[in-house]
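Shown next, in structure tokens, is the structure this report addresses.
Order of the sequence lines sets the chain letters (A, B, ...), proteins ahead of strands, with each chain counted from 1.
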Protein chains: 2
Amino acid sequence: MLSFAEENYLKTIYHLSKGGRKDVSTNSIAESLHTKPASVSDMIRKLSRKKVVNYKKYQGVNISKEGKEKALLVIRKHRLWEVFLVNKLKFSWDQVHEIAEQLEHIRSPLLIERLDQFLGFPQYDPHGDPIPDKKGVINSKPQIPLCDLKLNDSGVVIAVKDSSKEFLQYLDKLGAAIGTKIRVLDKIAYDGSMEIDIGDQKSVFVSGEVSENILITS
Amino acid sequence: MLSFAEENYLKTIYHLSKGGRKDVSTNSIAESLHTKPASVSDMIRKLSRKKVVNYKKYQGVNISKEGKEKALLVIRKHRLWEVFLVNKLKFSWDQVHEIAEQLEHIRSPLLIERLDQFLGFPQYDPHGDPIPDKKGVINSKPQIPLCDLKLNDSGVVIAVKDSSKEFLQYLDKLGAAIGTKIRVLDKIAYDGSMEIDIGDQKSVFVSGEVSENILITS
DNA sequence: AAATATTTTTAGATAAGCCTAAAAATATTT
DNA sequence: AAATATTTTTAGGCTTATCTAAAAATATTT
Ligand SMILES: [Mn+2]
Ligand SMILES: [Mn+2]
Ligand SMILES: [Mn+2]
Ligand SMILES: [Mn+2]
């Protein structure tokens with residue numbers, strides 16, 4: 001049985017090891033969780049004793065099979081609750097992450113099963129992230145960051161990499177919600193910014209940073 | 001801001017002071033929370049510093065005005081979540097208490113407001129307990145324990161005093177859910193047990209303990 | 001009223017989870 | 001390869017919430 005803190009560490013380690021290489025650095029975990037490296041070292045030792053991560057001093061950690069299962073269950077709960085908040089309680093997609101951070105730790109297998117059913121077995125959360133099934137299996141569509149599209153390529157917004165309030169509210173303002181068609185009108189080599197057409201309706205300029213955080217399916 | 005543990009202590013102190021006299025003993029709190037009196041003494045000192053209880057050493061505690069407000073908010077959340085679990089997720093009334101014990105600590109005023117609305121502003125939880133409103137106001141109907149009814153009196157089950165799995169499952173077996181009509185056929189002075197008619201359908205004997213835990217409106 | 005029993009508080013530990021500062025290991029420059 | 005910089009770990013503290021054992025206060029009997 002893992003504590004809330006242990007679940008949060010494990011989830012972070014999972015996310016960090018998914019993006020980059022297998023081994024995750026102490027500093028990157030500390031940065032993600034807004035804690036100090038010393039605290040991370042302590043916690044990693046504890047997670048290692050519990051066999052949810054593999055760890056050799058000074059060599060970074062990687063998540064074990066059981067650790068991954070536990071992390072995916074927390075992520076499943078997080079995303080199901082986000083769907084509940086948006087679809088049933090009419091929250092907007094930029095309001096739900098913080099609340100889901102709390103709800104993801106509620107312990108009751110039956111609750112999650114019933115919630116899943118109540119929501120109609122959703123496949124994706126409000127930010128386009130896939131919801132792992134009971135066994136932790138993720139059914140993910142190919143996602144390309146907008147910045148990787150070529151001139152005149154088009155595709156549909158399928159997810160966002162950054163789920164912060166600020167970014168989501170900016171996308172709302174652009175009218176670039178999930179499901180919106182986007183076409184690349186111009187790519188500015190100088191700073192990585194782009195001119196894009198949103199929903200065949202308007203053309204706007206977005207920064208390189210923004211274009212990295214919008215995920216497209218083609 | 002109160003911790004989960006502090007919220008649980010406060011809720012317990014509120015419940016204990018509602019039933020009997022105003023001042024609550026250290027031992028009774030310890031018993032309710034399955035902790036030791038020494039731990040209770042520590043916690044009471046802390047709650048007293050936070051002004052949510054009034055406390056004089058060796059004289060017991062009573063809850064303050066702010067304490068009562070905070071306790072009622074936790075109780076409001078607990079009962080709304082129980083309604084959600086039963087009405088929306090199809091849990092039975094004996095399955096929801098433990099899960100609500102976790103959900104009652106989720107912090108988000110907007111979430112509770114939306115949940116209340118989603119549920120249609122329910123007045124009572126699945127065990128017949130009244131749900132405090134946003135301001136902590138409780139709208140409670142008069143409740144009499146079954147054991148206080150006289151011979152041939154009748155009334156409707158409006159709530160239960162004990163919400164344990166075991167008791168609720170026994171009531172299910174009796175067919176004495178909330179809303180069921182009950183009439184007193186006989187009162188056995190010897191042991192306080194009763195013969196009752198349930199829903200004009202069948203007569204059964206119930207122990208004195210059971211008849212204390214069934215609440216009736218007349 | 002004195003003796004005894006019960007209740008409550010205090011003293012001293014422990015575990016989790018965090019911190020800062022210092023030491024040790026590893027990585028990067030020169 | 002040596003010097004320097006960075007990363008990671010360890011050492012030692014702090015807070016919260018719990019415990020057991022002992023002391024102090026209050027309540028009950030005799
Ligand atoms: Mn989220
Ligand atoms: Mn999400
Ligand atoms: Mn309950
Ligand atoms: Mn209830």
Heteroatom pairs (N/O) under 3.5 angstrom, protein to nucleotides 26-29 of chain C:
none

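- As rounded to whole Å, 13 Å separates atom P of D:dT18 from atom CD1 of B:Ile44.
- One atom, CD of A:Glu31, and another, P of D:dT7, lie 10 Å apart when rounded to the nearest Å.
- Straight-line distance from the CD1 atom of B:Ile29 to the P atom of C:dT7: 14 Å, rounded to whole Å.
- Side-chain contact between B:Glu6 and B:Lys50 is present, with heavy atoms from C-beta onward closer than 4.5 Å.
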* Applying side-chain contact (heavy atoms from CB on, under 4.5 Å), run through A:Leu103 and A:Lys77 and close with a yes or a no. => CA-CA 8 Å; A:Leu103 287 164; A:Lys77 291 192 281 183; over 6 Å; no
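- For CD of A:Glu101, the number of neighbouring non-hydrogen atoms (other residues, nucleotides, ligands) closer than 6.0 Å is greater than 12.
- In this structure, A:Arg45 atom CZ and C:dC18 atom P are separated by 14 Å, rounded to whole Å.
- As rounded to whole Å, 14 Å separates atom C1' of D:dT8 from atom CG of A:Asp23.
- You'll find the ring centres of B:His97 and B:His127 outside the 6.0 Å limit.
- Taking a cutoff of 4.0 Å between a charged side-chain nitrogen and a carboxylate oxygen, B:Lys134 and B:Asp116 do not qualify as a salt bridge.
- In summary, the side chains of A:Asp125 and A:His78 do not present any donor paired with an acceptor at a separation below 3.5 Å, with no hydrogens or angles considered.
- Taking OG1 from A:Thr217 and CD1 from A:Ile158, the interatomic distance works out to 4.5 Å, rounded to the nearest 0.5 Å.
- For A:Ser41, no side-chain nitrogen or oxygen approaches OP1 or OP2 of D:dT10 to under 4.0 Å.
- In this structure, B:Met1 atom CE and D:dT16 atom P are separated by 15 Å, rounded to whole Å.
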* To do: Applying ring-ring contact (aromatic ring centres under 6.0 Å, His included), run through B:Phe84 and B:Phe91 and close with a yes or a no.
  => CA-CA 9 Å; B:Phe84 169 70; B:Phe91 280 85; 8.8 Å; no
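- Stem regions annotated for DNA chain D: C:1-30 with D:1-30, counting only runs of 3 or more consecutive pairs of Watson-Crick or G-U type with both contacts under 3.5 Å.
- Contacts of B:Phe4 with the nucleic acid, taken as non-hydrogen atoms under 4.0 Å apart, are absent.
- Around the CD atom of B:Gln143, the shell of radius 6.0 Å holds more than 12 heavy atoms that belong to other residues, nucleotides or ligands.
- Classification of the B:Tyr170-B:Phe167 ring pair by plane angle, with boundaries at 30° and 60°, yields tilted.
- Contact check, A:Asn27 against D:dT8: a side-chain N or O comes under 4.0 Å of OP1 or OP2.
- Note: CG (B:Leu2) to P (D:dT15) measures 19 Å, nearest angstrom.
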Might you list the N or O atoms of the protein lying below 3.5 Å from N or O atoms in nucleotides 19-21 of chain D, with each pair's distance?
| unit_1 | atom_1 | unit_2 | atom_2 | d |
| --- | --- | --- | --- | --- |
| D:dC19 | OP2 | B:Lys36 | N | 3.1 |
| D:dC19 | OP2 | B:Ser39 | OG | 2.6 |

* To do: List the steps, then state whether side-chain hydrogen bond (donor to acceptor under 3.5 Å, both in side chains) holds for A:Ser92 with A:Gln95.
  => CA-CA 6 Å; A:Ser92 56; A:Gln95 295 178 304; 3.1 Å; yes
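- In this entry the distance linking CE of B:Met43 with C1' of C:dT9 reads 16 Å, nearest Å.
- Taking CG of B:Asn62 as the start and NZ of B:Lys56 as the end, the distance is 9.5 Å to the nearest 0.5 Å.
- When each of A:Tyr9 and B:Lys56 is assigned the nucleotide of DNA chain C bearing its nearest heavy atom, the one mapping closer to the 5' terminus is B:Lys56.
- Contact annotation: B:Thr26 reaches the phosphate of C:dT9 (side-chain N/O to OP1 or OP2, under 4.0 Å).
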